Amino acid sequence: MDELRELLGLTAELAADFYETLPDRPVYPRVTGDELRESLGGPLPEHATDPRVVVAQLAAAASPGLVAIPGGRYFGFVIGSSLPAALAADWLATAWDQNAGLYVGGPSAAIAEDVAAVWLKELLDIPPSSSYAFVTGGQIANFSALASARHHVLQRAGWDVERDGLTGAPRVRVVVGAKRHGTIDRSLRMLGLGAPTDIVEADSNGRMLAEQLRLTDEPTIVCAQAGEVNTGAFDPFDTIADACETAANAWLHIDGAFRAVGSRPRITSASGAGSRRADSWATDAHKWLNVPYDCGVAFCRHPEAQLGAFSARAAYLVFDLESRDAMDWTPESSRRARGFPVYAAIRSLGREGIAELVERCCRHARHFADGLRALGAEVLNDVELNQVLFRFADDEQTNALLARVQSSGEAWMSGTIWDGRAAIRISVSSWQTTAADVDRTLAAYSGQPAAR
């Protein structure tokens, strides 16, 4: 036990050492893949090695290739940092090593998930009777919600898809926006529903032009989104919900609802209150809630549909008839206890702290937009949330400036294509980001050194 305590202490020191390097280390590493393979690789070990040596050597070999995602100047994709309480809780979840698939595999894990889900539903304004599932991220959250949708609309059409499969089933019409996230299409493929063909055009910010929706009485799934990945725009949920409610067998799914946490008044003003009228929602806790990877959550207004899509029984499994077994609600059986870091994140910030984090990120995004305009960039979106989409005079200049900033190590953000032209997207999602980080990044675009 003394050796284990020493190992865990060493690990904590190594982690703290990494965090202390974040202000000064290049945001994206300069090491090559071949160099990392040289330091991490080698033949299969024949003999045991002291765990303390293994961990110390792993940290030394991996460090040059680590991206400074937990720092304040990583603006790529939509990725948050890990809040201190969530990071520590995730360490505990690993040490406790509970299998959260069944209640019997971790009663505390099951109850922590249940409490965290209740808190999340209140934060997101999701009906409290909705079911939930903690999963790996937005991809599987969308998959889980759309599996529930498939079950529901086909059951209403008189078809048992879990028993009979899709061969001979009524057609399920799937309606999506032109600027939907790629995880929607991937989920539909995995569910056997194929690539969507009913695609509704979007406006200049990526919002679905919901007035173009034309629904029939056939089984239908409509996919809206809360936060277009480039612009942060929200679809007009009330208009979409109205269309779904007039159809005989339509399900409304919203992808990305976690962006609404803490900013409900602004979101309601922009998109209406219709998000509460959806049938399912997919969220990413490792984005704005800033918990460690990986963690997503799926919610379903119709618990019987989620249960029908995923519940399974086997003689060797031990179910607790008086408690909730997570494997009844997710595609996973054995699974990590993801509720612990979510519980810790919400408990550490509270409603007010979460709202302040969101508002601070949005304020930094507006700071970015103003600074980029002053540098001659064209800001392409309405900067209502934490996303800034911009470009310079032409594709060559846009790509060159992005490459210069990325290679400088001062900051990292990703490029994209918007309306057929190169663009750059900044996502301010980290609790670590400060106004000084924004200024330092703007200075990297200007080519001038920033004060530190």
Side-chain angles (χ1 to χ4, degrees), residues 18-33 62-83 227 229-232 259 286-288 290 292-293 357-381 383 385-393 395-418 422-452:
F18 169 69
Y19 267 72
E20 287 180 353
T21 70
L22 290 174
D24 298 314
R25 73 185 294 135
V27 176
Y28 192 83
R30 298 189 173 107
V31 67
T32 68
S63 180
L66 297 178
V67 181
I69 288 175
R73 289 173 288 110
Y74 184 87
F75 306 109
F77 309 103
V78 187
I79 295 178
S81 303
S82 295
L83 288 162
V229 73
N230 292 292
T231 68
R259 289 176 177 273
H286 53 229
K287 287 187 170 62
W288 240 344
N290 280 224
Y293 276 87
L357 168 60
V358 170
E359 293 300 330
R360 179 168 15 111
C361 290
C362 295
R363 186 167 63 249
H364 291 324
R366 294 192 296 272
H367 183 173
F368 261 124
D370 292 341
L372 288 163
R373 290 189 188 99
L375 293 173
E378 177 189 5
V379 176
L380 302 170
N381 65 316
V383 184
L385 287 177
N386 63 329
Q387 301 292 110
V388 186
L389 181 67
F390 63 100
R391 63 167 59 108
F392 291 91
D395 286 3
E396 183 179 2
Q397 185 184 20
T398 298
N399 291 330
L401 285 171
L402 174 61
R404 187 180 77 187
V405 172
Q406 290 175 334
S407 63
S408 74
E410 285 292 278
W412 200 91
M413 64 289 298
S414 51
T416 187
I417 300 295
W418 186 258
I424 302 168
R425 49 189 291 265
I426 284 175
S427 177
V428 189
S429 305
S430 170
W431 70 275
Q432 293 265 48
T433 301
T434 65
D437 289 317
V438 177
D439 288 336
R440 187 169 166 182
T441 303
L442 290 170
Y445 273 100
S446 72
Q448 300 297 318
R452 299 193 185 182

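If you read the sequence from its start, that first residue is 1, and numbering goes on from there. No experiment lies behind these values; they were computed from the predicted model shown.
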Interatomic spacing from OG1 in T398 to CD1 in I424 - rounded to 0.5 Å: 5.5 Å

Closest approach of V388 to A365 (non-hydrogen atoms, all atoms of both residues): CG2-O, 3.4 Å

R30 side-chain N/O to P64 backbone N/O, donor-acceptor pair under 3.5 Å: no

Side chain S427, main chain F75, donor-acceptor under 3.5 Å: no

Minimum-distance pair of heavy atoms, taken over all atoms of A423 and L389: CB-CD1, 3.9 Å

Shortest non-hydrogen contact from I417 toward A422: CD1-CA, 4.0 Å

Residues R73 and T433: side-chain donor-acceptor under 3.5 angstrom: no

Minimal non-hydrogen separation, R360 against W431, with atom names: NH1-O, 2.9 Å

Residue pair P70 / S81: nearest heavy atoms and the distance that separates them: O-OG, 3.2 Å

By ring-ring contact (aromatic ring centres under 6.0 Å, His included) - contacts of Y293 (at least two apart): H286

Euclidean distance, L385 CG relative to E359 CD, rounded to 0.5 Å: 9.0 Å

Separation of T231 OG1 from L380 CG (nearest 0.5 Å): 10.0 Å

Pair Y74 + Y28: ring centers closer than 6.0 Å: no

Atom pair OG/CG of S407 and L402 - distance to nearest 0.5 Å: 9.5 Å

Whether F390 and Y445 hold their rings parallel, tilted or perpendicular, with breakpoints at 30° and 60°: perpendicular

Spacing of R25 atom CZ and Y19 atom OH [to the nearest 0.5 Å]: 11.5 Å

Beyond-backbone contact of V78 with V229, side-chain heavy atoms, under 4.5 angstrom: yes

Flag, side chain of D437 to backbone of A435, donor-acceptor distance under 3.5 Å: no

Those residues that, when tested against F18, pass ring-ring contact (aromatic ring centres under 6.0 Å, His included) (two or more places apart): none

Shortest non-hydrogen contact between A68 and L22, atoms and distance: CB-CD2, 3.8 Å

Non-hydrogen side-chain atoms of M413 and F368 separated by less than 4.5 Å: no

Test item: N386 side-chain N/O and V428 main-chain N/O as donor-acceptor pair under 3.5 Å: yes

